[in-house]
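Please read the structure below before turning to the comments.
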Amino acid sequence: MQYQFNAIEKKWQQYWEEHKTFAAEDGSIKPKFYALTMFPYPSGAGLHVGHPLGYIACDIYARYKRLQGFNVLQPMGYDSFGLPAEQYAIQTGQHPAITTKTNISGGTDKDGNVIPGYRKQLDIIGFSYDWDREVWTSNPDYYKWTQWIFKQLYNSWYNKDSDKAERIETLTDIFATEGNANINAASSDVETFSASDWNGWSEDQKQLMLLNYRIAYLSDTWVNWCPALGTVLANDEVKDGVSERGGHPVEQKLMRQWSMRITAYAERLLQGLETIDWTDSIKDIQRNWIGKSQGASVFFDVDGHDNQIEVFTTRPDTIFGVSFMVLAPEHELVDQITTADQKEAIEAYKKAASLKSERDRQSDIKNVTGAFTGACAIHPFTGDKVQIWIGDYVLASYGTGAVMAVPCGDQRDWDFATHFGIEIKNIFKDIDVSEAAYAEKDAVIANSDFLNDMPAKKAIKAAIYEIEQRGFGKGKTQYRLRDAVFSRQRYWGEPFPIYYKGDVPYVMDDSTLPVTLPEIDKYLPTEDGEPPLARAKKEDWNVTCPGDRMEYNTMPGWAGSSWYFLRYMDPKNDGEFVAKEKVDYWKNVDLYIGGAEHATGHLLYSRFWTKFLYDLGYIPFEEPFQKMINQGMIQGNSALVYRDQTSGKYVSKGKRDSSGNYSSIHVDINMLEGDRLDTEQFKNWREDYKNAEFILEDDGSYICGREIDKMSKSKYNVQTPDDLVEKYGADTLRCYEMFLGPLEQHKPWDTQGITGVHGFLKKLWRLFHDNGISEEAPAKEELKSLHKTIKKVQEDLDRYAFNTPVSTFMICVNELTALKCNKKVILNDLLIILSPYAPHIAEELWATLGHTESISSAVFPKYNEEYLTESNHKYPISFNGKMRFTLELPANMSPADIEQVVLADEQTAKYLEGKTPKKVIVVPKKIVNVVV
RNA sequence: GCGGAUGUGGUGGAAUUGGUAGACACGCCAGAUUUAGGAUCUGGUGCCGCGAGGCGUGGGGGUUCGACUCCCUUCAUCCGCACCA
């Protein structure tokens with residue numbers, strides 16, 4: 001009987017769907033397990049073999065947990081708002097909702113190309129998803145709740161005393177009774193006001209004040225404006241001064257934007273990393289992004305002015321080493337304090353600095369540049385005058401945009417001082433700073449008044465204490481993390497539940513949600529540069545706007561993905577974003593699999609929203625994803641042909657010579673069998689190649705060159721899962737993707753090895769069909785083979801090693817084949833442990849054993865150590881650590897006896913060369929080592 | 001510059017706590033079977049050497065009876081951050 005994988009796979013996929021085999025049960029008495037992969041953006045290009053890698057691993061783990069008796073939740077959905085659908089809409093006029101639906105459900109695009117659809121592509125791989133929980137972020141009944149969460153963020157403030165978000169009413173109550181003087185909140189810069197001030201204000205005035213406290217707030221902020229895309233970008237959407245998508249230039253622009261006060265959560269986002277099981281690299285990237293530094297904020301008076309310069313320093317202990325100050329060229333005080341005779345030099349420098357691109361300013365480290373303002377600051381302790389300079393090594397965007405320069409303790413300050421001939425004060429005991437600065441914190445402070453003879457750590461505390469006592473400043477913790485801009489000038493995103501009365505924003509009532517996207521004539525900005533939604537008239541909206549106009553911006557891509565894992569628990573709830581009892585049962589995601597590229601985007605924002613929802617008491621946990629694995633990228637394996645530039649002939653790889661001048665051309669990998677090119681297909685591929693002439697290998701074949709590239713259409717190296725499922729079956733594809741190597745590693749795609757995995761499944765099939773099934777009791781050897789497989793597979797999966805179980809299964813099937821094993825008890829358990837990897841063939845063979853229930857309801861077998869213990873052990877006998885021969889000895893033989901037997905063995909004499917062994921090491925059941 | 005990851009046959013990789021390096025698979029070689037095969041089966045395959053033997057986990061050093069594994073140092077590749085005060 002043939003292994004007809006196509007028929008089998010179709011049959012069982014249908015069975016699972018009809019029987020709802022993988023439905024998760026809310027509030028079961030079983031322990032829960034929540035397995036999740038990052039949901040995809042459904043692009044028109046469809047899935048290639050790299051996409052399912054993480055899905056397959058997650059599915060294997062979910063099926064494994066189910067066999068272990070867990071109530072498993074493994075859902076799937078789509079992050080379906082996004083730029084490509086909108087770009088396509090701009091080009092074709094087609095509503096993005098339509099193209100999005102086609103990309104998911106299948107159909108044809110505008111040019112008549114058939115799009116299989118994500119759903120179908122996923123279905124043929126045989127995932128155990130509970131499809132009844134599917135969510136699309138672009139569906140109104142989903143984004144209704146994204147809007148609702150936005151409203152919660154809008155209606156909350158961050159109380160630093162209780163260290164959590166609280167309802168805005170608790171804040172307005174305090175304002176009404178005592179003003180804001182005693183409020184310790186995460187806020188924008190605000191003036192102090194009294195209760196009577198507040199109570200006397202108009203509604204609009206109160207609203208504008210509250211924006212300084214709301215966690216979702218509107219403010220004029222410098223944003224990364226991308227003219228080509230017509231939108232703002234978040235910091236993590238900008239790479240090297242250009243947009244991450246499309247590589248368009250990005251400039252700084254002041255705009256009125258919605259922002260998220262994520263900075264309020266900086267410390268908790270940092271601390272939370274200690275409680276979750278993620279890779280060090282992702283945690284480090286997040287720590288870096290949050291960028292905590294501790295030190296002091298210190299104020300320096302400007303000589304002859306009323307102004308003060310605020311600096312942030314991590315080394316307040318070196319304050320007596322300050323010999324000058326440096327402001328960023330963009331610092332607001334520069335123009336005010338510059339003296340007349342320095343004006344020209346400063347203006348010239350400012351201009352030069354502004355002309356330099358951000359990149360140049362960063363890369364040009366060797367050239368020390370700067371200019372003297374002519375003004376001086378007063379050292380708060382010594383009263384000495386210190387010169388104030390500007391220099392582009394000080395960044396306006398970090399800290400206060402000003403530094404107190406301590407040349408003896410900071411190399412950049414040292415370089416600056418040396419270059420401009422400024423005094424370098426040495427405040428370190430017994431340390432030479434004539435050649436370079438000394439930045440280590442192990443020095444003892446000298447020449448520093450009350451800090452003398454203190455080691456740095458103690459001196460930092462003493463300095464902060466004294467600075468605070470004398471009122472020059474205070475201890476401060478600084479974060480690099482910025483509030484996240486939350487507006488996009490786009491159509492295809494969540495509309496804000498916001499309307500305006502004049503310039504004052506108000507939230508829509510809950511009863512009106514969702515505010516859906518109105519139809520518009522074009523998906524482009526208006527002539528006045530307003531976002532596309534400004535094209536909609538008031539009456540085009542599905543809600544009655546109570547004010548002058550609705551909000552024209554939409555939410556960014558990360559809005560919907562920041563909380564989707566919660567919606568899967570209760571996807572159809574129309575009264576709440578998730579029912580309390582459901583989230584109390586399912587809690588956070590136990591295993592999350594996805595790409596590492598979301599380190600500072602999605603993975604940071606969902607942690608932020610989770611903590612916020614926790615603060616308001618909606619969910620019982622602070623971290624969304626307890627354990628995370630980042631799957632590696634599967635790279636494309638491109639095929640190249642070599643064209644001789646002079647003769648125009650296509651030369652096979654092995655026939656090239658060093659004198660030739662060849663251009664390499666990417667060719668479609670589907671025209672290859674192994675590395676051999678189908679030359680006829682090549683000729684028919686393009687008009688240009690119709691008359692191609694070849695120089696072939698001696699055996700008459702044309703061999704292509706290979707190159708590892710990113711998998712992409714332009715390199716003709718895209719391998720779709722569909723083709724492979726058609727040719728080898730989903731079970732083969734699943735096993736092969738795992739067999740390729742460790743999940744986390746990047747690896748090139750290579751179909752060469754897939755036949756080996758396919759052969760293994762065929763061999764398994766034959767095990768059940770060649771000799772019939774026997775009810776006989778199994779032999780010892782058969783039990784041993786099975787149980788060592790159970791043990792190894794379980795141990796591997798428990799440490800998330802997905803590649804090694806495949807080899808383990810192969811070994812087991814090879815052994816059972818050699819033993820001609822057809823015992824039902826053995827094959828039965830083998831199928832169960834194999835079923836997470838190859839579920840279709842497992843179900844089919846399971847049925848041939850007489851079972852009527854799905855194998856997914858079976859119980860993962862327990863291995864029995866008894867079957868694994870052996871009476872004899874084959875000892876490797878080594879001499880000076882080098883293995884020479886093996887000796888089979890009883891497992892329970894004492895080390896002393898083993899030593900005797902080994903020394904008496906005739907083979908030993910050869911390696912002793914007549915000498916007496918110095919020492920014999922015997923490790924029971926491991927090894928014998930004779931030291932000569 | 002700082003931080004993180006990776007480095008093992010012709011190839012993908014295995015070796016979980018230091019104990020026979022190269023499991024399993026691809027490829028290759030030889031053979032069997034078949035009308036045929038991109039089917040199936042058997043045997044071989046780290047490198048050097050006719051052999052005895054020697055050498056081998058990016059390089060160098062160390063600890064140890066014994067090191068892919070631990071320590072020091074160095075190189076290469078990839079990723080993140082970067083005048084961060």
Side-chain angles (χ1 to χ4, degrees), chain A residues 279-289 291-293 295 311-315 318 325-326 328 361-366 368 391-395 397-406 409-413 415-416 439 478-480 596-597 599-600 630 632-633 673-676 706 735-736 739-742 744-757 759-760 762-763 766 792 795-796 798-799 801 803-812 814 817 874-886 917-923 925-932:
Chain A
T279 61
D280 287 339
S281 80
I282 296 270
K283 286 189 186 183
D284 275 344
I285 290 170
Q286 291 211 346
R287 281 190 197 107
N288 222 322
W289 191 256
K292 179 180 183 175
S293 42
V311 299
F312 174 73
T313 176
T314 54
R315 293 293 301 272
T318 63
M325 303 192 73
V326 188
R361 240 174 103 162
Q362 284 174 15
S363 56
D364 195 9
I365 302 168
K366 284 170 214 138
V368 177
D392 64 8
Y393 80 94
V394 177
L395 302 179
S397 58
Y398 185 78
T400 59
V403 299
M404 57 174 225
V406 183
D410 183 291
Q411 193 57 44
R412 288 155 300 161
D413 296 344
D415 291 341
F416 197 90
Q478 178 97 21
Y479 299 92
R480 199 188 75 111
E597 66 273 18
T600 54
N630 305 110
M633 197 174 50
E673 196 60 59
D675 291 340
R676 284 174 70 147
R706 290 292 194 170
C735 291
Y736 184 59
F739 187 65
L740 231 38
E744 306 83 353
Q745 243 163 59
H746 294 228
K747 53 214 153 212
W749 179 256
D750 182 2
T751 45
Q752 299 264 330
I754 200 167
T755 54
V757 175
F760 147 70
K762 286 204 269 194
K763 210 165 170 180
R766 285 202 303 274
K792 171 98 173 111
E795 284 173 355
D796 285 354
D798 285 345
R799 63 188 172 100
N803 55 331
T804 44
V806 183
S807 339
T808 309
F809 292 131
M810 288 175 172
I811 293 167
C812 182
N814 287 346
T817 303
K874 209 166 138 195
Y875 278 93
I877 313 300
S878 47
F879 293 81
N880 292 334
K882 285 202 162 60
M883 207 283 287
R884 296 301 180 183
F885 59 91
T886 57
K918 275 187 198 149
K919 200 175 178 188
V920 179
I921 285 123
V922 177
V923 185
K925 289 192 190 176
K926 292 263 182 191
I927 199 173
V928 177
N929 191 19
V930 183
V931 186
V932 186

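Chain naming here is simple, since letters A, B, ... match the order of the sequence lines and numbering starts at 1 in each. Please read all numbers here as calculations on a predicted model, not as lab measurements.
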Q. Distance between the P atoms of B/G58 and B/A14, in whole angstroms?
A. 14 Å

Q | Between B/A82 and B/C71 - P atom distance, rounded Å | A | 30 Å

Q) Between B/C24, B/U20, B/G3, which nucleotide gets closest to the side-chain atoms of A/T886? A) B/U20

(Q) OP1 or OP2 of B/A82 versus the side-chain N and O atoms of A/R480: is any pair under 4.0 Å? (A) yes

Q | A/F885 and A/F879, any side-chain heavy atoms less than 4.5 Å apart | A | yes

Q. Between A/I754 and A/S878, which has a closest nucleotide on RNA chain B that is more 5'?
A. A/S878

Q: Using the P atom as the reference point in each nucleotide, state the distance between B/C29 and B/A21 in Å, no decimals.
A: 30 Å

Q: Send over the distance from A/D796 CG to B/U16 C1', rounded to a whole Å.
A: 8 Å

Q) Is any side-chain heavy atom of A/K763 less than 4.5 Å from a side-chain heavy atom of A/N814? A) yes

Q | Validation row: A/I754, A/F739 side chains within 4.5 angstrom (heavy atoms) | A | no

**Q.** Rounded interatomic separation in angstrom, taking CZ from A/R287 and C1' from B/C81
**A.** 14 Å

Q. When the P atoms of B/C75 and B/G22 are considered, how many whole Å apart are they?
A. 32 Å

Q: Using the P atom as the reference point in each nucleotide, state the distance between B/G66 and B/A30 in Å, no decimals.
A: 44 Å

Q | Donor-acceptor pair under 3.5 Å, A/N929 side chain vs B/C65 base | A | yes

Q. With a 4.0 Å cut-off on heavy atoms, is A/V923 in touch with a base, just the backbone sugar-phosphate, or nothing at all?
A. base

Q: Give the intermediate values and the outcome of salt bridge (charged side-chain N to carboxylate O under 4.0 Å, His left out) for residues A/R287 and A/D284.
A: CA-CA 5 Å; A/R287 281 190 197 107; A/D284 275 344; 2.9 Å; yes

Q. From B/A15, B/C41, B/C81, pick the nucleotide closest to the side chain of A/N288?
A. B/C81

Q.
Applying the Watson-Crick and G-U wobble criteria at under 3.5 Å, what pairs with B/C50? Answer none if nothing qualifies.
A. none

Q) Which is true for A/D413 with a 4.0 Å heavy-atom rule: it touches a base, it touches only sugar-phosphate, or it touches nothing? A) nothing

Q.
Say we look at B/G56 and B/U69: how far apart would their P atoms be, to the nearest angstrom?
A. 14 Å

(Q) On the nucleotide B/C65, are OP1 or OP2 found under 4.0 Å from the side-chain N or O atoms that A/K919 carries? (A) yes

**Q.** Complementary nucleotide for B/C24 - Watson-Crick or wobble, under 3.5 Å
**A.** B/G12

(Q) Regarding A/S281, tell me which of base, sugar-phosphate or nothing describes its non-hydrogen contacts under 4.0 Å with the strands shown. (A) sugar-phosphate

(Q) Going by purine N1 to pyrimidine N3 plus the second Watson-Crick contact, or the G-U wobble pair, all under 3.5 Å, which nucleotide sits opposite B/A5? (A) B/U77

Q. Is the side chain of A/S293 donor-acceptor paired with the backbone N or O of A/Y479 at a distance under 3.5 Å, no angle test?
A. no

Q: Hunt down the Watson-Crick or G-U wobble partner of B/C84, both distances under 3.5 Å, from any strand shown, or write none.
A: none

(Q) Suppose you measure atom C1' in B/G38 against the same atom in B/C55; what distance do you get, rounded to whole Å? (A) 39 Å

Q: Indicate, with a heavy-atom threshold strictly under 4.0 Å, whether A/P742 touches base, sugar-phosphate, or nothing.
A: sugar-phosphate

Q.
Base, sugar-phosphate or nothing for A/I921? Non-hydrogen atoms, less than 4.0 Å.
A. base

Q) Just how far, in rounded Å, is C1' of B/G4 from CD1 of A/I285? A) 8 Å

Q: Could you tell me whether A/Q745 contacts a base, only the sugar-phosphate backbone, or nothing, with contacts defined as non-hydrogen atoms closer than 4.0 Å?
A: sugar-phosphate

**Q.** Heavy-atom side-chain contact between A/F809 and A/V757 under 4.5 Å
**A.** no

Q | Atom-to-atom span, CG of A/D750 to P of B/G13 - whole angstrom | A | 10 Å

(Q) Between A/K762 and A/E795, which residue's closest nucleotide on RNA chain B lies nearer the 5′ terminus? (A) A/E795

**Q.** Side-chain donor-acceptor pair present, A/K919, A/N929, cut-off under 3.5 Å
**A.** no

Q. Between B/C83, B/A85, B/A15, which one does the side chain of A/K792 approach most closely?
A. B/A15

**Q.** Spacing between A/N630 atom CG and B/G80 atom P, to the nearest angstrom
**A.** 13 Å

Q: In whole angstrom, give the distance that lies between atom CG of A/N814 and atom P of B/C24.
A: 8 Å

Q: Kindly point out which of B/U40, B/C26, B/C81 is positioned nearest to the side chain of A/W289?
A: B/C81

Q.
Can you tell me whether the base of B/G9 sits syn or anti, using the 90° cut around 0 to define syn?
A. syn

(Q) Under 4.0 Å, heavy atoms only, any strand: does A/K925 hit a base, just the sugar-phosphate, or nothing? (A) nothing

Q) Nearest-Å distance, CD1 (A/I927) to C1' (B/U20)? A) 6 Å

Q | Rounded interatomic separation in angstrom, taking CD from A/Q752 and C1' from B/G10 | A | 12 Å

Q. Applying a 3.5 Å limit to both distances, which nucleotide forms a Watson-Crick or G-U wobble pair with B/G31?
A. B/C41

Q. When the P atoms of B/U63 and B/U17 are considered, how many whole Å apart are they?
A. 24 Å

Q: Side-chain contact test, heavy atoms from C-beta onward, threshold under 4.5 Å: evaluate it for A/V311 versus A/M325 and give yes or no.
A: yes

Q. From the list B/C24, B/C55, B/U20, which nucleotide is the closest neighbour of the side chain of A/K882?
A. B/C55

(Q) Does B/C84 have OP1 or OP2 under 4.0 Å away from a side-chain N or O of A/R315? (A) no

Q: Consider the side chain of A/R412, meaning its heavy atoms from C-beta on, and name the nucleotide among B/C83, B/C41, B/C26 that approaches it most closely.
A: B/C83

Q. Phosphate oxygens OP1/OP2 of B/A14: is one of them under 4.0 Å from a side-chain N or O of A/N803?
A. yes

Q. Is the number of heavy atoms from other residues, nucleotides or ligands under 6.0 Å of A/K925 NZ greater than 12?
A. no

(Q) As a test of reading the structure: which of B/G13, B/A21, B/A25 is closest to the side chain of A/M883, going by heavy atoms? (A) B/A21

